[in-house]
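Letters go in sequence order (proteins before strands), and every chain restarts at 1.
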2 protein chains.
Amino acid sequence: MAMMPVIKQNLSDNIKHDLKKYILDMDLKESAKLPPEVEIGRKFGVSRVTVRRALDELEQENLIFRIHGRGTFVNPEAAAIKISLNPAQEFGHLIELGGYEAQIKLISQETINRGAMGQGTVNQETMGQGASHRMKKHCRNLQVEEGARLYRIEKVYYADGHPAIVCIDYMPRELFQQEPSEDEWSSMSSFELLRRYAGRLLCRDRVEILTMTREEMGSVTDSALLMECQSVLELDNLAYDQDNQPVISANAFFDTKYIRYNLLRSQEHY
Amino acid sequence: MAMMPVIKQNLSDNIKHDLKKYILDMDLKESAKLPPEVEIGRKFGVSRVTVRRALDELEQENLIFRIHGRGTFVNPEAAAIKISLNPAQEFGHLIELGGYEAQIKLISQETINRGAMGQGTVNQETMGQGASHRMKKHCRNLQVEEGARLYRIEKVYYADGHPAIVCIDYMPRELFQQEPSEDEWSSMSSFELLRRYAGRLLCRDRVEILTMTREEMGSVTDSALLMECQSVLELDNLAYDQDNQPVISANAFFDTKYIRYNLLRSQEHY
DNA sequence: TCCGATTTGTACGTATGTATT
DNA sequence: AAATACATACGTACAAATCGG
């Protein structure tokens with residue numbers, strides 16, 4: 001039986017969560033000011049230091065900002081954002097956040113033998129011209145040896161029936177202690193499958209941001225033909241588990257008409 | 001004389017800065033482990049709490065990660081990233097970080113009268129079909145009244161001679177206590193001009209991520225013709241000053257062949 | 001298996017400084 | 001000038017995870 005890693009919670013995380021709810025329930029038109037730190041502490045029964053820790057994190061996420069001597073205020077921009085690039089989120093959820101009805105379709109699920117590449121594997125026929133180069137990159141990303149096998153999962157996410165995201169995940173097969181069923185591949189996210197069958201919890205990832213035309217996307221996957229847009233956003237993704245081991249290498253393609261990523265940033269001061 | 005806002009520094013910011021240098025000078029192949037927190041504190045002459053605060057921020061930026069009971073480690077991915085989407089950075093600097101020689105060209109600098117839109121202003125001839133809609137959005141972003149005047153600055157950033165970024169900035173003219181000279185428009189960033197002549201310090205911004213084909217970009221600016229790529233990344237940007245007032249609304253277009261944005265993210269756990 | 005040393009995680013209390021009203 | 005509220009920093013205590021013997 002796989003050990004299922006759990007997410008730890010602490011006091012300031014709870015406060016943070018409660019404050020987040022409090023903030024989103026606030027009527028911003030009336031006032032965007034939060035209660036003083038000591039008062040929040042009294043309300044939740046914790047010290048000011050713990051409150052400050054929660055506020056520090058919310059400030060770093062740009063949900064609030066603080067003015068010395070005046071108080072803590074909700075960032076109205078943050079409240080308006082529906083889809084944020086950070087933190088990473090499940091794609092189906094993303095589509096719903098955008099106000100659309102999400103529908104997920106599993107295009108293919110196969111096991112790829114990296115060592116046998118280009119020598120007549122089952123899936124060679126599905127590989128385009130630039131595909132070999134991409135495969136090499138995924139293998140390098142995942143730090144797999146020659147001959148290691150990879151799962152390849154391709155899914156399309158629809159927003160109100162329109163194709164909004166095409167996602168191709170690669171995961172080392174050796175991580176899995178048990179093979180998921182056909183139904184599970186289709187209904188569960190890679191995140192969830194890794195947690196259940198490999199005991200791996202995704203903690204962080206690195207994203208590279210690219211663009212391409214639909215034609216260029218066609219050299220990566222036939223699903224490009226489904227897209228209704230002329231240009232797509234590509235997010236190349238490498239995700240790490242709790243031990244900092246790479247576990248998913250992915251290419252995701254977005255129609256920015258349906259997926260409008262936003263990001264709150266702080267400014268670099270030198 | 002404009003008051004020039006300065007950036008405050010505190011103890012943990014200093015430690016953070018020193019640690020960052022220490023990290024980048026480390027030989028990651030040998031060991032990615034940092035000294036224990038108490039030892040760092042001794043070395044810098046501060047308490048463990050202050051060290052932890054600096055480490056907290058570095059961890060939130062994903063430059064390091066910590067393992068309970070084992071230690072603090074450098075994130076090897078972070079060291080490999082050249083161009084990060086967060087925090088915001090000056091575009092010329094960005095191009096140099098990518099290993100190219102940067103060259104900046106001011107395409108145009110003009111003052112736009114919002115109230116007179118569509119009634120025969122100086123620049124109407126340069127406005128395409130979707131431009132009016134874009135102008136409205138910039139005005140809404142900047143919260144300017146009817147009749148307020150806006151600066152419009154268009155620049156092209158070259159990487160080794162190739163057009164890599166086209167950026168169009170809009171700023172309320174009323175913020176400026178003094179009109180920058182022709183030379184200053186060309187040589188200084190909007191960030192710098194706002195600081196010197198408006199006493200505004202950019203603190204945070206919101207970015208919206210879109211894509212378009214070069215043809216579609218042509219309806220926004222003629223500079224699209226310069227681009228060598230078929231699809232561009234568009235970052236729509238709204239920047240706020242230290243008082244949370246919007247000061248720059250911008251459209252930036254990127255050739256992702258030259259500007260490869262990366263981003264380190266944490267994972268959303270529900 | 002257990003113990004102790006090390007190291008990070010969490011939380012509280014306190015003191016002082018500084019900006020705003 | 002006083003009150004309020006956030007900012008910074010130190011010290012302390014104990015909890016929890018890891019690792020070696």
Side-chain angles (χ1 to χ4, degrees), chain A residues 3 5-19 23 31-60 63-75 199 201 203 241-245 266, chain B residues 3 5-19 23 31-60 62-75 199 201 203 241-245 266 269:
Chain A
M3 53 300 159
V6 288
I7 299 111
K8 279 206 336 186
Q9 293 271 339
N10 55 31
L11 245 183
S12 53
D13 277 346
N14 293 339
I15 309 299
K16 184 180 160 188
H17 185 263
D18 291 345
L19 276 174
I23 286 169
S31 167
K33 188 173 183 300
L34 295 184
E37 295 173 350
V38 278
E39 197 175 315
I40 295 175
R42 266 202 303 276
K43 182 141 59 183
F44 293 108
V46 295
S47 77
R48 187 181 158 215
V49 185
T50 305
V51 173
R52 274 189 67 77
R53 182 167 171 175
L55 290 176
D56 282 346
E57 288 179 29
L58 290 175
E59 187 181 27
Q60 228 135 359
L63 197 72
I64 60 169
F65 60 94
R66 304 195 271 197
I67 302 179
H68 195 158
R70 270 220 280 162
T72 304
F73 304 85
V74 178
N75 180 354
L201 190 63
C203 286
D241 70 2
Q242 69 271 31
D243 300 321
N244 215 41
Q245 295 298 311
S266 47
Chain B
M3 56 299 157
V6 288
I7 299 112
K8 278 206 339 186
Q9 291 274 337
N10 53 32
L11 247 182
S12 54
D13 277 347
N14 293 338
I15 309 299
K16 184 181 161 189
H17 184 263
D18 291 345
L19 276 173
I23 286 169
S31 167
K33 188 174 182 300
L34 293 184
E37 294 172 352
V38 279
E39 197 175 316
I40 295 174
R42 266 203 303 276
K43 182 140 59 184
F44 292 108
V46 294
S47 77
R48 187 186 157 211
V49 184
T50 305
V51 173
R52 275 189 67 77
R53 184 169 168 174
L55 291 176
D56 282 345
E57 289 179 28
L58 290 174
E59 186 181 28
Q60 228 135 0
N62 282 301
L63 197 72
I64 58 169
F65 60 94
R66 304 194 270 197
I67 303 179
H68 195 163
R70 270 221 279 162
T72 304
F73 305 85
V74 178
N75 181 353
L201 190 65
C203 286
D241 70 2
Q242 70 271 29
D243 299 321
N244 215 43
Q245 294 299 311
S266 48
H269 298 304

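Note: CZ (B:R66) to C1' (C:dT6) measures 16 Å, nearest angstrom. Rounded to whole Å, atom P of D:dA7 lies 9 Å from atom CG of A:L55. Here the C1' atom of nucleotide D:dA9 and the CG atom of B:D13 are 13 Å apart, to the nearest Å. At whole-Å resolution of the value, CD in A:E37 and C1' in C:dG13 are 15 Å apart. Across the protein-nucleic acid pair, B:F44 atom CZ and D:dA9 atom P stand 14 Å apart, rounded to whole Å. When rounded to the nearest whole Å, the span between CZ of B:R53 and P of C:dG9 equals 17 Å. As a whole-Å value, the separation of B:Q60 CD from C:dG9 P is 13 Å.
Where A:G69 and A:G45 meet DNA chain C, the nucleotide closest to each residue was compared, and A:G45 sits on the side nearer the 5' end.
Side-chain N/O atoms of B:R70 include one lying less than 4.0 angstrom from OP1 or OP2 on D:dC19. For the pair A:T72 and D:dC6, the criterion of a side-chain N or O lying under 4.0 Å from OP1 or OP2 is met. Side-chain N/O atoms of B:R52 include none lying less than 4.0 angstrom from OP1 or OP2 on C:dT8.
Checking D:dA1 for Watson-Crick or G-U wobble geometry (two distances, each under 3.5 Å) identifies no partner in any strand.
For A:V49, taking side-chain heavy atoms from C-beta onward, the closest of the listed nucleotides C:dG9, D:dC10, C:dC12 is C:dC12. Closest approach to the B:P36 side chain among C:dC12, D:dA9, C:dT8 is made by C:dT8 (side chain taken as heavy atoms from C-beta onward). With C:dC12, D:dC6, C:dT8 as the candidates, the nucleotide lying closest to the side chain of A:R48 is D:dC6. Between C:dT20, D:dT12, C:dG13, one nucleotide has an atom nearer to the side chain of A:S47 than all others, and that is C:dG13.
Proximity of B:V51 to B:F44: side-chain heavy atoms (C-beta onward) are nowhere separated by under 4.5 Å. Between B:R53 and B:I15, every side-chain heavy-atom pair lies at or beyond the 4.5 Å cut-off.
Salt bridge status for B:K16 with B:D56: absent, with no side-chain N to carboxylate O gap under 4.0 Å.
Backbone-only contact: B:V46 has heavy atoms under 4.0 Å from sugar-phosphate atoms and none from a base.
When all heavy atoms of A:V74 and A:F65 are compared, the pair lying nearest together is O-CE2, 3.6 Å.
Counting distance only, with no hydrogens placed and no angle test, the side-chain atoms of A:H68 and the base atoms of D:dA7 include no donor-acceptor pair under 3.5 Å.
Here the side chain of B:Q242 pairs a donor or acceptor atom with the backbone of B:G199 at under 3.5 angstrom.
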